[in-house]
Amino acid sequence: MSDTSNASAPAASGSAAGKIPVTVLTGYLGAGKTTLLNRILTENHGKRYAVIVNEFGEIGIDNDLVVGADEEVFEMNNGCVCCTVRGDLIRIMDGLVKRRGKFDAIIVETTGLADPAPVAQTFFVDQDVGEAARLDAVVTVADAKWLSDRLKDAPEAKNQIAFADVILLNKSDLVSPADLDRVEAEIRTINPLAKLHRTQNCAVPLDAVLERNAFDLDRILDVEPDFLEAGHHHHHDSDIRSISAKIEGEVDPDKFMPWISNLTQSQGPDILRCKGIVAFPNEPKRFVFQGVHMILDGDVQGDWGSDEKRVSRVVFIGRNLDPAAIKEGFEACRA
């Protein structure tokens, strides 16, 4: 979607067929990311994974905690605390691409202090990486016992929840059912879109976290029809919120494209994720977009059904966003 993104953002790349799927595992310190990774590597699934472990600090130990002698583990030691992670990730990805065929997919385990955004952005901003690999999903492991506290004092924990396509609410056996419901409600106020699984020791079917196509444009078309309606009644003071808007009808592309471009360029640092399905006049296919901060990607794909209502829907997850202004701006795009 080059006409709605910054100059460095690539246009929509089209089909993801043939690209190496990449799953990003994130979650705050101690939530259980390595437990999930080891579970993936030891399951009898017949798949081969290349693993990239992102450590915080100069001395890495996480790679020694990862089981599975057949897997190759690559380390990034800059801690993923800023965009410098891209250099390491691009270098490792370039090496893996040259050896494609020796593995089926790539798993990136980030440090517990990581903001997933720089990792996700790599698949948009680097042309070589974007052409060879696709971000399959961001999977966040959350500690059911301590997440509420971390959401109060750790911005990284909020980012990891907000950015997730799949969330494992782990250690669910350590809290009462009432507390579990409360924590899940907190998660839903931040991110109502992610698939959520309650787990103990990250025990979850692998198809719940792998091969999700959750970050792929095609997958957005498979979400529930009311995916923007659930969980958007916020009565809390969280600085991260989800804002959705809907038009029962079509939008004018000559109004919509400049609007979303200006919005993401001006407020991009505060927009963690955005997604949408939009109907354009005289266009039989949906226009589907998603974004990471100021980077947008979108294309027309998937026909509107003959009996389907052409409803345009957008959602933004981020900080310091003005719900009224976003809804008014989107409404002004009505065809």
Side-chain angles (χ1 to χ4, degrees), residues 1-2 4-5 8-26 37 40-41 43-54 68 70-74 76 85-110 116-139 163-166 195 205-223 273 275-277 285-292 295-303:
M1 195 166 73
S2 56
T4 68
S5 56
S8 63
S13 56
S15 172
K19 294 186 178 182
I20 304 168
V22 181
T23 300
V24 176
L25 301 183
T26 186
L37 178 58
I40 292 172
L41 298 182
E43 288 280 341
N44 185 21
H45 45 60
K47 295 285 187 72
R48 298 166 299 170
Y49 294 97
V51 180
I52 302 174
V53 177
N54 187 198
D70 294 336
E71 279 72 24
E72 295 188 69
V73 179
F74 302 85
M76 295 187 295
V85 69
R86 290 196 195 127
D88 261 1
L89 183 56
I90 290 170
R91 174 180 55 79
I92 294 173
M93 287 293 300
D94 283 343
L96 289 175
V97 167
K98 294 174 183 176
R99 300 171 57 233
R100 62 189 308 163
K102 296 183 180 295
F103 52 89
D104 300 296
I106 297 171
I107 298 174
V108 180
E109 182 193 8
T110 71
V119 175
Q121 285 175 319
T122 304
F123 297 87
F124 290 96
V125 302
D126 186 83
Q127 183 174 355
D128 292 337
V129 171
E131 288 178 352
R134 62 176 177 83
L135 185 56
D136 185 75
V138 176
V139 178
F163 221 80
D165 298 299
V166 180
K195 299 289 186 182
L206 291 189
D207 60 6
V209 294
L210 300 176
E211 296 298 326
R212 297 296 304 163
N213 285 328
F215 212 90
D216 191 273
L217 294 176
D218 294 327
R219 173 58 66 172
I220 301 178
L221 303 180
D222 296 333
V223 298
R273 294 287 292 274
K275 295 182 180 183
I277 301 172
K285 295 181 180 295
R286 300 170 173 85
F287 182 81
V288 183
F289 76 90
Q290 64 177 334
V292 177
I295 299 171
L296 286 169
D297 191 29
D299 203 354
V300 290
Q301 51 186 279
D303 289 340

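Note: hydrogens, waters and symmetry copies are ignored here, and every other heavy atom, side chains too, is used. Positions are given from 1, in the same order as the sequence printed here.
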Of all the heavy-atom pairs spanning F103 and Y49, show the shortest one and how long it is. CB-C, 4.4 Å
Test side-chain hydrogen bond (donor to acceptor under 3.5 Å, both in side chains) applied to E131 - qualifying residues, sequence neighbours left out: Q127
Considering all heavy atoms, the nearest P21-E211 contact: CG-OE2, 3.5 Å
Go through the structure and list residues passing side chain to side chain contact (heavy atoms under 4.5 Å, CB included) with A133, not counting sequence neighbours. I20, V22, M93, F123
Tell me which one of V139, D165, D136 satisfies side chain to side chain contact (heavy atoms under 4.5 Å, CB included) with R212. D136
Looking at CG of L210 and CD1 of I40, how far apart are the two atoms once the value is rounded to the nearest 0.5 Å? 4.5 Å
Going by the side chain to side chain contact (heavy atoms under 4.5 Å, CB included) test, name the single residue among V24, V119, V108 that passes it with I52. V108
To the nearest 0.5 angstrom, please state how far the CD1 atom of I90 sits from the CG atom of D128. 8.5 Å
Could you work out, with salt bridge (charged side-chain N to carboxylate O under 4.0 Å, His left out) as the rule, every residue matching D303, not counting sequence neighbours? K285
For D94, all residues meeting side-chain hydrogen bond (donor to acceptor under 3.5 Å, both in side chains), sequence neighbours excluded: none
For a quick test of reading the model, state the closest non-hydrogen atom pair linking A50 to L96 and the distance between them. CB-CD2, 4.0 Å
Calculate, to the nearest 0.5 Å, the distance between atoms CG and OG1 belonging to L89 and T110 respectively. 11.0 Å
Please report the interatomic distance CD1(I277) to CD(Q301), rounded to the nearest 0.5 Å. 9.0 Å
In short, P116 meets F163 closest at the heavy-atom pair CB-CD2, 3.8 Å
R48/D104 under salt bridge (charged side-chain N to carboxylate O under 4.0 Å, His left out): CA gap, chis, key distance, verdict: CA-CA 5 Å; R48 298 166 299 170; D104 300 296; 3.7 Å; yes
